[in-house]
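Structure first, then comments.
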Amino acid sequence: MNEYERYGEYSQQQPRETSSGTSVGTAITFLLIGVGVGAAAALLLTPMSGSELRGSISRGYRSTLDGISQGTQRLREHGSNLLGIKRWRSNREEERYKQG
């Protein structure tokens with residue numbers, strides 16, 4: 001039996017499809033698992049007591065919410081200012097159109 005006869009069946013088989021890498025969903029899943037494990041380890045190994053840690057977490061949470069609230073308030077103000085300018089311009093243009 002020569003080389004071609006021995007590997008003939010192998011070469012006639014359909015090649016299996018292989019993925020060239022991991023999918024994005026799998027990568028994101030492993031990333032989130034790693035973040036969760038890291039956060040849990042950090043909480044377990046922190047030198048603070050439980051009540052101090054909870055207080056620190058709640059202060060950070062409140063600070064984040066306050067920052068988000070202030071940011072959205074600023075966006076609302078700027079948005080209403082832009083709308084007010086647009087309305088003023090459109091009213092002015094409408095008056096010009098009516099006059100002539």
Side-chain angles (χ1 to χ4, degrees):
M1 178 181 283
N2 64 22
E3 295 272 335
Y4 294 111
E5 291 173 350
R6 189 169 28 183
Y7 295 110
E9 292 177 14
Y10 178 78
S11 64
Q12 293 173 0
Q13 292 177 355
Q14 295 285 57
R16 290 191 295 172
E17 294 181 24
T18 59
S19 63
S20 61
T22 60
S23 67
V24 174
T26 305
I28 290 174
T29 301
F30 284 125
L31 175 69
L32 292 176
I33 289 171
V35 167
V37 169
L43 289 174
L44 291 174
L45 300 174
T46 186
M48 290 187 224
S49 68
S51 61
E52 290 174 342
L53 181 62
R54 286 189 298 272
S56 176
I57 290 172
S58 68
R59 281 190 301 275
Y61 178 74
R62 277 183 270 152
S63 172
T64 302
L65 286 181
D66 289 343
I68 291 172
S69 296
Q70 290 173 358
T72 55
Q73 183 63 31
R74 275 187 260 130
L75 282 174
R76 286 181 188 154
E77 289 172 2
H78 289 293
S80 63
N81 289 343
L82 290 174
L83 290 174
I85 291 170
K86 189 174 182 180
R87 287 183 193 144
W88 180 76
R89 285 183 183 168
S90 65
N91 288 340
R92 202 169 104 190
E93 289 173 1
E94 186 178 325
E95 288 176 10
R96 284 184 184 173
Y97 179 75
K98 287 180 183 177
Q99 290 176 355

Who pairs with [X] by side-chain contact (heavy atoms from CB on, under 4.5 Å), at least two apart in sequence or on another chain?
| X | answer |
| --- | --- |
| Arg74 | Gln70, His78 |
| Thr46 | Met48, Leu53 |
| Ser51 | Ser49, Arg54 |
| Ser69 | none |

In chain order, what residues pass the side chain to side chain donor-acceptor pair (under 3.5 Å) check against Arg62, with sequence neighbours excluded?
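Expected list: Ser58.
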So, Thr29 side chain and Gly25 main chain: donor-acceptor pair closer than 3.5 Å or not?
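Yes, the answer is positive, given that a donor and an acceptor are paired below the 3.5 Å cut-off.
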Whichever hydrophobic residues join Leu65 through chains of side-chain contacts under 4.5 Å:
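Members other than Leu65 - counting any ILVMFWY side chain reachable under 4.5 Å - are Tyr61.
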Please report the interatomic distance CD1(Ile28) to CG(Leu32), rounded to the nearest 0.5 Å.
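It comes to 7.5 Å.
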